[in-house]
S.K.: 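My questions will all concern the structure given below.
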Amino acid sequence: MQMTVVGCAGSFPGPDSPASCYLIEADGFRLVLDLGNGALGALQRYSALTGIDAICLSHQHSDHCLDMCAYSVAQLHHPDGPRPKIEVYAPAGTAERLTRALGLEPGSGIQDAFDFVTLAPGTTEIGPLRVTAARMNHPVETFGFRVEHGGRSLAYSADTGPTGDLTTLAAGADLLLCEASFLEGRPRPADLHLTGREAGQYAARAGVGELVLTHLVAWNDPAHSRDEAAAAFSGPLAVAAAGQQHVLDVRR
């Protein structure tokens, strides 16, 4: 199983990265986790748009889903005709939310390009991948994901404030891709995002093999976020960057 960071900028695209988007590949199957602002263009560096098999959207904030609108154009207006629908696992109402963003009438456009499956907590098989969804702590309905294949596992926090459900979701994962939007010592809203220190604490509690900090806001120094996380987590630690790849070999 390979994970490519397509975009890791938090809240809006930054100068060096689109907003949230991660490509998971296993056995020739390609799953996209989130498709935020600016990510569709960068995604094409790693896969043809006709080569994506499924999409999981954590929530309906624009920095995690808005490029689905552009993707629908590519799906419906391909020179060889409309492409087969792609399954999209997303919170309830996502199709309607994206239809409004496209400026279309309800029931048109986005649902001609994608088959939407309403997310709920629990585990499902998506191609060769075992995907577990769990609700996170964010102002809109938001799901974190755990993706398993070949005895390996990757957990993704999506956007979240403090929640014990993240510890459960990430327990024993080989890699935790965790948001670190805030810095310690600065005023911040409750139940919205984590700091680097909090991300490190969740990684330590969950006993993960590696922590990768993501959803990094452009005005924060990534090195500062990393230092905060390192004070709480002693294992392998990285800061996400567009184009970064992590390979989780099949456990034998």
S.K.: Start with the C-alpha gap between Val6 and Tyr22, add the side-chain angles, then the distance that decides, and say whether side chain to side chain contact (heavy atoms under 4.5 Å, CB included) holds.
M.R.: CA-CA 5 Å; Val6 179; Tyr22 310 92; over 6 Å; no

S.K.: Kindly give the heavy-atom pair with the smallest separation between Leu35 and Leu57, and that separation in Å.
M.R.: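 Where Leu35 meets Leu57 most closely, the heavy atoms are N-CD2, 3.9 Å.
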
S.K.: Considering non-hydrogen atoms only, spot the tightest contact between Ala134 and Leu169 and give its length.
M.R.: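 Nearest pair, atom of Ala134 first, then Leu169: CB-CD1, 4.0 Å.
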
S.K.: Taking Thr132 for the side chain and Thr123 for the main chain, is one N or O donor matched with an acceptor at less than 3.5 Å?
M.R.: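 No, Thr132 side chain to Thr123 backbone: no donor-acceptor pair under 3.5 Å.
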
S.K.: List the atom of Glu179, the atom of Asp159, and the distance in Å for their closest heavy-atom pair.
M.R.: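 Heavy-atom minimum between the residues: OE2-CA, 3.4 Å.
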
S.K.: Does the pair Leu33 and Met3 meet the rule for a side chain to side chain contact (heavy atoms under 4.5 Å, CB included), with working shown?
M.R.: CA-CA 10 Å; Leu33 299 181; Met3 185 273 289; over 6 Å; no

S.K.: Between Ser58 and Asp34, which heavy-atom pair has the shortest distance, and what is it?
M.R.: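 It is N-OD1, 2.7 Å.
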
S.K.: Before you tell me yes or no, could you show the steps for Leu43 and Arg30 under side chain to side chain contact (heavy atoms under 4.5 Å, CB included), namely the whole-Å CA-CA distance, both residues' side-chain angles and the distance that decides it to 0.1 Å?
M.R.: CA-CA 11 Å; Leu43 178 61; Arg30 296 184 179 93; over 6 Å; no

S.K.: Quick check: does any side chain N or O of Asp67 sit under 3.5 Å from a backbone N or O of Gly38, one acting as donor and the other as acceptor?
M.R.: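 Such a contact is found between Asp67 side chain and Gly38 backbone.
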
S.K.: Taking C-beta and beyond as the side chain, do Asp115 and Ile86 meet within less than 4.5 Å on heavy atoms?
M.R.: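 They are not in side-chain contact.
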
S.K.: Taking transitive links into account, so neighbours of neighbours count too, which hydrophobic residues share a cluster with Val73 at under 4.5 Å side-chain distance?
M.R.: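 Same cluster as Val73: nobody, lone residue.
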
S.K.: Give every residue pair that meets the side chain to side chain donor-acceptor pair (under 3.5 Å) criterion with at least one member in residues 68-95, sequence neighbours excluded.
M.R.: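 Every side chain to side chain donor-acceptor pair (under 3.5 Å) pair that includes a residue of residues 68-95, provided the two are not neighbours, is Gln60-Thr94, Glu87-Tyr89.
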
S.K.: Answer yes or no: is there a side-chain heavy-atom contact under 4.5 Å between Ile110 and Phe116?
M.R.: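 With C-beta onward as the side chain, the pair touches.
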
S.K.: Measure across Pro82 and Leu76 and return the closest heavy-atom pair with its distance rounded to 0.1 Å.
M.R.: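 Where Pro82 meets Leu76 most closely, the heavy atoms are CG-O, 3.8 Å.
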
S.K.: Quick check: closest heavy atoms across Gly144 and Ala158, and the distance to 0.1 Å?
M.R.: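 Minimum heavy-atom contact is CA-CB, 4.3 Å.
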
S.K.: So, do Arg135 and Phe143 sit near enough that their side-chain heavy atoms are less than 4.5 Å apart?
M.R.: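 Side chain of Arg135 against side chain of Phe143, heavy atoms only: contact under 4.5 Å found.
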
S.K.: Taking only residues at least two apart or on different chains, which pairs with a member in residues 41-55 satisfy side chain to side chain donor-acceptor pair (under 3.5 Å)?
M.R.: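 Listed by first then second residue: nothing to list.
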
S.K.: Just by distance, do the side chain of Asp165 and the backbone of Met136 share a donor-acceptor pair under 3.5 Å?
M.R.: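 Absent.
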
S.K.: Do the ring planes of His193 and Phe182 sit parallel (below 30°), tilted (30 to 60°) or perpendicular (above 60°)?
M.R.: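 Answer is perpendicular, since the angle exceeds 60°.
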
S.K.: Is there side-chain contact between Asn220 and Arg186, with at least one heavy-atom pair below 4.5 Å?
M.R.: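 With C-beta onward as the side chain, the pair touches.
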
S.K.: Enumerate the residue pairs fulfilling salt bridge (charged side-chain N to carboxylate O under 4.0 Å, His left out) with a member in residues 189-214, sequence neighbours excluded, ordered by first and then second residue.
M.R.: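 Of all non-adjacent pairs touching residues 189-214, those that pass salt bridge (charged side-chain N to carboxylate O under 4.0 Å, His left out) are Glu184-Arg197, Arg188-Glu198.
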
S.K.: Pairs in or reaching into residues 3-16: which pass side chain to side chain donor-acceptor pair (under 3.5 Å), with residues at least two apart or in two chains?
M.R.: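 Sorted result for residues 3-16: Thr4-Gln245.
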
S.K.: What I'd like to find out is whether the side chain of Val212 reaches to under 4.5 Å of the side chain of Leu175, using heavy atoms alone.
M.R.: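 They are in contact (side-chain heavy atoms under 4.5 Å apart), so the answer is yes.
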
S.K.: With distance as the sole test, does Asn37 use its side chain to make a donor-acceptor pair with the main-chain N or O of Ala19 at under 3.5 Å?
M.R.: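 Checking the backbone N and O of Ala19 against the side chain of Asn37, no donor-acceptor pair under 3.5 Å is found.
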
S.K.: Apply side-chain contact (heavy atoms from CB on, under 4.5 Å) to Ala101 and list each qualifying residue two or more places apart in sequence or on a separate chain.
M.R.: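 If we apply the side-chain contact (heavy atoms from CB on, under 4.5 Å) test to Ala101, skipping adjacent residues, the hits are Leu66, Cys69, Arg97.
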
S.K.: State the CD1-OH distance between Ile24 and Tyr156, to the nearest 0.5 angstrom.
M.R.: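 Spacing of CD1 (Ile24) from OH (Tyr156) equals 10.0 Å.
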
S.K.: First locate atom CG of Asp221, then atom CG of Leu216, and finally report the distance between them rounded to the nearest 0.5 Å.
M.R.: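 CG of Leu216 is found 10.0 Å from CG of Asp221.
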
S.K.: Hey, is the main chain of Leu192 close enough, under 3.5 Å, to the side chain of His138 for a donor-acceptor pair?
M.R.: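 Here the side-chain-to-backbone pair exists.
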
